[in-house]
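Every value quoted in this text rests on a predicted model; they were computed, and no experiment measured them.
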Amino acid sequence: MEKTTRKKRVNSNIDENINYLRKELGVGKSFDIIHLDMEYAEKRMAMFLVDGLVKDDILHLLMKFLANVKKEDLEKDVLKKLLKTYIPYVEVDTIDDLNKVVDTVLSGPTALLVDGIDEIILIDARTYPVRGPAEPDTERVVRGSRDGFVETIVFNTALTRRRVRDRTLRMEFMQLGRRSKTDIVICYIGDIADPSMVENLKEMLSKIDTDGLPMAEKTIDEYISGDYWNPFPVIRYTERPDTTAAHLFEGHVCIFVDGSPSAIITPVTFWHHLQHAEEYRNKPLSGAYLRIVRYLAVLGSIFLMPLWYLFNIEPGLLPAGLDFIGPNKEGQVPLLLQFLLIEVGIDMLRMATIHTPTSLATALGLVAALMIGQVAVEVGLFTNEVILYFSIAAIGTFATPSYELSLANRLARIALLLITAVFHTSGYVISATLFIIMLARMQSFGVPYLWPFIPFSYRPFRDVLVRAPIPLKNRRPRILHPQDPDR
């Protein structure tokens, strides 16, 4: 259970406060924890900060202001005058708990101690190392915005608020992790999102009890998603601010985690993982065509390869006009083993590509093409048909917008293949049926995973199947129970 830290009140004697903070912050043991002793207006002061997490120019300017303060200026109402007059900065606050001061300083703000005052001034002049908001690699579009989330939570919330200027947009702050004190923000539009959904999510987050969140949003995912061993994702990740804004307007609740360039979208259905911003950056008919092609590619990546294998072991299932389906010649390796080898080989290639420097990626691709291509066929390791049908499955996998869903579909394909190999026709039919039943039984924070297909709802299903024109999408998804159902 989480340890509760007892409140340690700030003392009006600055020496006691300094000694406590030096001990708890590890001054002298950590090179980046800085303690500055100062004297302004004949009053002893001290600063505690983390080197690298503060804006040096801001602190230097504030120290200049303090250097011009005279003794008579601080004879009465010292704290009030410092806050209102002599520390001209936007984000200034006070706190009377030394333990909270320790946690706050470690997250970036600067603590200013003044002798004779039983409160400590916090100056939030923090800064974090950050890269530019470049377009996400996995969510590229031909036309559209090129900015994407970064690893700093304040930047991500600003990119979102830039697109959602609703006065009821809420950004609620929390900290998770007993040791990491990771900042997270729950984002939703107050006039649209279901209040019970927001409260349920906040309650789930508050129950997370762990030392830290080293994997950021993925750690939160595993705590709040429920079924750990089900590979299908019940939350959606996005690195695009426009995608986040679109979901907020529908009534979804988003979570930002400091240190992660991805926003968590809840709740979501299976179909959310198959939608892409590119569909909405084209004319409705073109977008509808792209969506249907993507659906066919994803379905093919799951069911086509096991079906082709079934036709090979049960050729009697083929009609007379389709008897050409099947390998022209048998390879040296059984078909099932060929499929398993090429599945593992592609995953090995994917992992190798991730760890390969960019300058060597082309060479790795050429080696892989030779190994898995013509040479593998000539030596009898694979047949041409196996490579063809696996290529179709791989294209469908890469056409899946959600990386997490593509991995889950790959596992489903392997499971279907193995069951088909053991039980033949009945195995393929039963396993495919059980696969759909499993998806139908899943829920994402109370929302059926296959809605609006199961349970069926005509109008939402039409919008899922075909990309409808934006002017005709005048209703929010009713499954989210939005407070304002009309757009």
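With a 6.0 Å radius and a threshold of 12 heavy atoms from other residues, nucleotides or ligands, Phe65 has its CZ atom at or below the threshold. In Lys202, the NZ atom is crowded: over 12 heavy atoms of neighbouring residues, nucleotides or ligands sit closer than 6.0 Å. A 6.0 Å sphere centred on CZ of Arg167 holds no more than 12 heavy atoms belonging to other residues, nucleotides or ligands. By the neighbour-count criterion of 12 heavy atoms within 6.0 Å, atom CZ of Arg162 is sparsely surrounded, having that number or fewer from other residues, nucleotides or ligands. Within a 6.0 Å radius of CE in Met348, no more than 12 heavy atoms belonging to other residues, nucleotides or ligands are found. A 6.0 Å sphere centred on CE of Met215 holds no more than 12 heavy atoms belonging to other residues, nucleotides or ligands. When the shell of 6.0 Å around CG of Leu411 is examined, it contains more than 12 heavy atoms from other residues, nucleotides or ligands. A 6.0 Å sphere centred on CZ of Phe155 holds no more than 12 heavy atoms belonging to other residues, nucleotides or ligands.
Scanning all heavy atoms of the two residues, the minimum distance from Arg140 to Asp137 falls at NH2-OD1, 2.8 Å. Between Val268 and Val234 the shortest heavy-atom distance is CG2-O, 3.3 Å. Between Pro482 and Glu250 the shortest heavy-atom distance is CB-O, 4.5 Å. Considering all non-hydrogen atoms of both residues, Thr94 and Glu119 come closest at OG1-OE1, 3.0 Å. Shown here for Thr104 and Pro109, the closest heavy-atom pair between the two residues is O-CD, 3.0 Å. For the residue pair Ala111 and Val105, the shortest heavy atom distance occurs at CB-CG2, 3.7 Å.
Salt-bridge annotation for Arg9 and Asp96: present, with a side-chain N of the basic residue lying under 4.0 Å from a carboxylate O of the acidic one. Using a cut-off of 4.0 Å between Lys/Arg side-chain N and Asp/Glu carboxylate O, Arg281 and Asp242 are scored as salt-bridged. Under 4.0 Å is where a charged nitrogen must lie from a carboxylate oxygen, and between Arg178 and Asp211 at least one such pair does. Comment: Lys218 engages Asp221 in a salt bridge, judged by a side-chain N to carboxylate O separation of less than 4.0 angstrom. Ion pairing between a basic and an acidic side chain is recognised when a charged N comes within 4.0 Å of a carboxylate O; Asp57 and Lys55 show no such pairing. Ion pairing between Arg44 and Asp15 holds under the 4.0 Å rule for side-chain N and carboxylate O. With respect to Glu203 and Lys207, a salt bridge is recorded, a charged nitrogen being found less than 4.0 Å from a carboxylate O.
A donor-acceptor contact closer than 3.5 angstrom links the side chains of Arg478 and Ser457. Asp32 and Ser30 form no side-chain donor-acceptor contact under 3.5 Å, judged by distance and modelled atom types alone. Side chains of Gln483 and Asp194: a donor-acceptor N/O pair is absent below 3.5 angstrom, by distance only. Between the side chains of Glu172 and Tyr188, a donor-acceptor pair is found at a separation under 3.5 Å. Counted by atom type alone, His273 and Arg236 present zero donor-acceptor pairs between their side chains at under 3.5 Å. When only modelled atom types and interatomic distance are considered, Arg22 and Tyr20 share no side-chain donor-acceptor pair under 3.5 Å. Between the side chains of Thr182 and Ser180, a donor-acceptor pair is found at a separation under 3.5 Å.
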Test salt bridge (Lys or Arg N to Asp or Glu O under 4.0 Å) on Glu139 and Arg240; report intermediate values, then the result. CA-CA 7 Å; Glu139 298 179 83; Arg240 296 188 62 90; 5.4 Å; no
Criterion salt bridge (Lys or Arg N to Asp or Glu O under 4.0 Å) on Arg163 and Asp147, from CA distance to verdict: CA-CA 12 Å; Arg163 289 168 170 80; Asp147 56 348; 2.9 Å; yes
Could you please spell out the steps behind the side-chain contact (heavy atoms from CB on, under 4.5 Å) verdict for Phe48 and Thr110? CA-CA 6 Å; Phe48 287 88; Thr110 301; over 6 Å; no
Stepwise side-chain contact (heavy atoms from CB on, under 4.5 Å) test for Phe232 and Asp227: CA-CA 10 Å; Phe232 284 88; Asp227 191 354; over 6 Å; no
Would Tyr89 and Asp124 satisfy side chain to side chain donor-acceptor pair (under 3.5 Å), going step by step from the backbone distance to the final call? CA-CA 9 Å; Tyr89 192 65; Asp124 195 351; over 6 Å; no
Determine, step by step, whether Tyr223 and Tyr228 satisfy the ring-ring contact (aromatic ring centres under 6.0 Å, His included) criterion, reporting the C-alpha distance in whole Å, the side-chain angles of both residues, the deciding distance to 0.1 Å, and the verdict. CA-CA 9 Å; Tyr223 270 99; Tyr228 307 128; 8.1 Å; no
For Lys43 and Glu39, run salt bridge (Lys or Arg N to Asp or Glu O under 4.0 Å): C-alpha distance rounded to whole Å, both residues' side-chain angles, the deciding distance at 0.1 Å, then the answer. CA-CA 5 Å; Lys43 275 190 174 291; Glu39 186 173 331; over 6 Å; no
Give the C-alpha distance, both sets of side-chain angles, the deciding distance and a yes or no for side-chain contact (heavy atoms from CB on, under 4.5 Å) between Asp347 and Arg410. CA-CA 10 Å; Asp347 283 332; Arg410 188 175 306 171; 2.3 Å; yes
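Distance check, rounded to the nearest 0.5 Å: OG of Ser206 to CE of Met174 gives 5.5 Å. Here NZ of Lys473 is found 4.5 Å from OH of Tyr280. Values are rounded to the nearest 0.5 Å. With values rounded to the nearest 0.5 angstrom, Thr244 atom OG1 is found 8.5 Å from Asn156 atom CG. A distance of 6.5 Å separates CD1 of Ile192 from OG1 of Thr168, quoted to the nearest 0.5 Å. For the atom pair His60 NE2 and Lys64 NZ, the distance stands at 5.0 Å (nearest 0.5 Å). A distance of 9.0 Å separates CG of Asn17 from CG of Asp118, quoted to the nearest 0.5 Å.
With contacts defined as side-chain heavy-atom distances shorter than 4.5 Å, the pair Ile120/Leu112 does not qualify. Here the side chains of Leu248 and Thr160 are in contact, with some heavy-atom distance below 4.5 Å. Counting heavy atoms from C-beta outward, Asp486 and Arg476 have side chains that stay 4.5 Å or more apart. Using a 4.5 Å cut-off on side-chain heavy atoms (C-beta onward), Leu201 and Ile224 make contact. Residues Pro452 and Trp271 are in side-chain contact: their nearest non-hydrogen atoms beyond the backbone lie under 4.5 Å apart. At least one side-chain heavy atom of His276 sits under 4.5 Å from a side-chain heavy atom of Arg294. Side-chain contact between Leu83 and Leu79: present, with at least one pair of heavy atoms (C-beta onward) separated by less than 4.5 Å. By the 4.5 Å heavy-atom criterion applied to side chains, Leu450 and Thr269 are not counted as neighbours.
Remark: the backbone N or O of Val142 is paired with a side-chain donor or acceptor of Glu278 at under 3.5 angstrom. Proximity of a side-chain donor or acceptor of Thr157 to a complementary backbone N or O of Val154 within less than 3.5 Å is detected. Within the 3.5 Å criterion, the main-chain N or O of Lys8 finds a donor-acceptor partner in the side chain of Asp97. A distance-only check finds a donor-acceptor pair linking the side chain of Asp258 to the backbone of Ile153 [under 3.5 Å].
Both tests do not hold together for Lys81 against Tyr86: distance to the six-membered ring centre under 6.0 Å, angle to the ring axis within 45°.
For Phe256 and Phe149, the gap between ring centers is short of 6.0 Å.
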